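Worksheet: one structure, shown below.
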Amino acid sequence: MSSPIRAPRGVKDIIPPDAIRFEKILKETEEILALGGFQKILLPLFESAALFSRSIGGATDIVEKEMYTFSDKGGDLFALRPEGTASLLRAAIEHRLADPGKIVRLSYAGPMFRHERPQAGRLRQFHQIGAEILGPLTPSDDVDLIALIHRMAEAFSIPSWTLLLNNMGCPACRPVYRETLVGYLKQHEKDLCETCRHRTDVNPLRVLDCKTPSCQAVLETAPKITDSLCDRSRAHFGQVREELEGLGIPYTLSHRLVRGLDYYTETTFEFVSDALGAQSTWAAGGRYDGLCQELGGPDIPGFGFAAGIERLWLLREKAGTLPVSPSPPLWLTVFPLIPEARPSALRLVRQMRNLSVPSAGFFGSGKIKSAFRQAERDASRFLAFIGEDELAAGTVQVKNLETGEQTSYALKECSRIAEDIRNAVLSA
RNA sequence: GUGAGUGUAGCUCAAGGGCAGAGCACUGGACUGUGGCUCCAGGGGUUGGGGGUUCGAAACCCCUCACUCACCCCA
């Protein structure tokens, strides 16, 4: 006996009745995005690996150690997508969806793949829903999309959430800050952990995120990005803050909030919740003004976010706002009491389905008891049976399993059977 | 990649060196073509896997694998 093959680590089956719930959560979130005018786009699950190293950044953890890359038979290098923004931008450029002169709003959803150690709220195949707005953006567009996520927090009663906000500067002032920071870090190099010494050279902003106590001490007095913003970025940040306040959306400034993807500029934000365990972020995003051009497209600013569906699930579960479980799957179970009645039973099932009555046959052991049991397990509303007498008379007994009421029909009058069943089910 | 905790029936868990058990679920019977309740019976296990200590290991030791949580990272 060989051992059974199991699902890969960090990859989960979503079994009934959770599958329906999962789809409902997705749908309800999509509906909120649709309220914001976002149009759905369906994107492939794998792309050229280069797309992600160019957009997310070669020195990021996602690209450096978490990506599922593989080469196909032609020898080209591909990667399972670790996030959605890069794919969406690629598609927008490829199909000329975006234009420097107009605003487009696109949303996507689906599985993402990262080779991480699984943990509460963290999987190797997980699901994200996200939205991106591309075009001649103003700071108000940042605020508007954040407000849409805020709407989700309210609609789903996300427990104890916080909006963390930062501005990472523009392509003009970020390099200046970067220099300042590198200079500072070099001065304190001996107090930094090994990773941070490495990052000082390849991706100094990531050092700000380090939680090692020795690094924390150094970072206490490190220069803040918000202190070295250029006038335009300062104004951008100021406007975003002012308009969030105007909408009554509370936020917390977090000058160490550095998203782990290199493409972000200006506004970055993260919605967190302490109801979620260590993986506290449930939605995050920011502005990426240089990404489109970086990927070979026109110079079009962008702003976007992604939310983790599994994390939304956990939060809504805590809040008691999970979608209700679905209606019973079966309306009718058909049971032939004797083998000779099987053809009639099969025919009846088929006819009922043609009349949009969810039906299934039970062709198991000849015991009527087991038919009742199966019907009950399926939450079937009616049980029809055909035995010796019915077969001879060309009839069928149909029993309402809730009321116990039983009616005899001619096998021919299917539309009347279907109609009676429908009325009973829909009026219950 | 690092650390800690946990692996016993389909599920939830007992037994802490001396017969591997309970509840739920499943199957059958009481009840022959009319269910849910009740009662009775039954099937299910290399105690995650491998090695060691011991007269004897689910239990103690070592290795390994898996799961969970945390670090890290992020949605």
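The sequence lines fix the lettering, A, B, ..., with proteins before strands; numbering per chain opens at 1. Computed from a predicted model, the values in this text were never measured in an experiment.
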Practice item. Could you give the distance separating B/rU8 and B/rA4 at their C1' atoms, to the nearest angstrom? Key: 22 Å

**Study point:** Counterpart residues, ring pair (Phe, Tyr, Trp, His ring centres under 6.0 Å), relative to A/Tyr263 (two or more places apart)
**Key:** A/Tyr288

Review point. Which part of the nucleic acid does A/Glu390 contact within heavy-atom distance under 4.0 Å: base, sugar-phosphate only, or nothing?
Key: base

Point to revise | Pairwise P distance, B/rG45 and B/rU2 [rounded to whole Å] | key: 36 Å

**Study point:** Sidechain N-carboxylate O distance under 4.0 Å for A/Asp289, A/Arg287
**Key:** yes

Check your understanding: Looking only at heavy atoms, which two atoms of A/Gln406 and A/Phe385 are closest? And how far apart?
Key -> NE2-CZ, 3.7 Å

Exercise for review: Between B/rC55 and B/rU12, how far apart are the C1' atoms? Round to whole Å, please.
Suggested key: 36 Å

Check your understanding: Expressed in whole Å, how much space separates the C1' atoms belonging to B/rA22 and B/rA14?
Key -> 7 Å

Revision key, fill the gap. With syn defined as a glycosidic angle within 90 degrees of 0 and anti as anything else, the base of B/rG16 is syn

Exercise for review: Would you classify A/Lys367 as touching base, sugar-phosphate or nothing, given that sugar-phosphate means primed atoms plus P, OP1 and OP2, and contacts are heavy atoms under 4.0 Å?
Suggested key: sugar-phosphate

Exercise for review: Assign A/Glu83 to base, sugar-phosphate, or nothing according to its heavy-atom contacts below 4.0 angstrom with the strands shown.
Suggested key: nothing

Point to revise | P spacing across the pair B/rU68 / B/rA41, given as an integer number of angstrom | key: 39 Å

Point to revise | Nearest-angstrom distance, P atom, B/rA58 to B/rA20 | key: 8 Å

Review point. With a non-hydrogen cut-off below 4.0 angstrom, is A/Arg373 in contact with a base, only sugar-phosphate, or nothing?
Key: sugar-phosphate

**Study point:** A/Glu94 and A/Arg90 ion-paired at < 4.0 Å
**Key:** yes

Exercise for review: Would you please name every residue forming a ring pair (Phe, Tyr, Trp, His ring centres under 6.0 Å) with A/Tyr184, sequence neighbours left out?
Suggested key: A/His188

**Study point:** P gap between B/rU6 and B/rG10, integer Å
**Key:** 23 Å

Practice item. Describe the nucleic acid contact of A/Gly285 in one word from base, sugar-phosphate, nothing, applying a heavy-atom distance below 4.0 Å. Key: nothing

Check your understanding: Taking 5' to 3' order, which nucleotide of RNA chain B is first and which is last to have an atom within less than 4.0 Å of a heavy atom in chain A?
Key -> B/rG1 to B/rA75

Practice item. Identify whether any heavy atom of A/Phe305 sits under 4.0 Å from a base atom; if not, whether one sits that close to sugar-phosphate; answer base, sugar-phosphate or nothing. Key: nothing

Revision key, fill the gap. Nearest-nucleotide check on RNA chain B, A/Arg206 vs A/His115; residue mapping nearer the 5' end is A/His115

Exercise for review: Identify whether any heavy atom of A/Arg6 sits under 4.0 Å from a base atom; if not, whether one sits that close to sugar-phosphate; answer base, sugar-phosphate or nothing.
Suggested key: sugar-phosphate

Point to revise | Cationic N near anionic O, under 4.0 Å, A/Arg381 to A/Glu402 | key: yes

**Study point:** Charged tip of A/Arg122 within 45° of A/Phe126 ring normal and under 6.0 Å
**Key:** no

Side-chain donor-acceptor distances from residues 148-163 of chain A under 3.5 Å, at least two apart:
unit_1: A/Ser160; atom_1: OG; unit_2: A/Asp274; atom_2: OD1; d: 2.6

Practice item. Please figure out whether A/His127 or A/Pro8 has its closest RNA chain B nucleotide nearer the 5' end. Key: A/Pro8

Exercise for review: Would you mind classifying the nucleic acid contact of A/Leu123 as base, sugar-phosphate or nothing, using non-hydrogen atoms under 4.0 angstrom?
Suggested key: base

Point to revise | Paired stretches of RNA chain B - 3 or more consecutive Watson-Crick or G-U pairs, each distance under 3.5 Å | key: B:1-7 with B:65-71, B:10-13 with B:21-24, B:26-30 with B:38-42, B:48-52 with B:60-64

Review point. What is the nucleic acid contact for A/Leu401, judged by heavy atoms within less than 4.0 Å: base, sugar-phosphate only, or nothing?
Key: base

Point to revise | P atoms of B/rA59 and B/rG17, separation to the nearest Å | key: 11 Å

**Study point:** For the student: nearest non-hydrogen atoms of A/Arg197 and A/Leu192, plus distance
**Key:** NH1-O, 2.9 Å

Check your understanding: With A/Phe22, which residues qualify under ring pair (Phe, Tyr, Trp, His ring centres under 6.0 Å), at least two apart?
Key -> A/His127

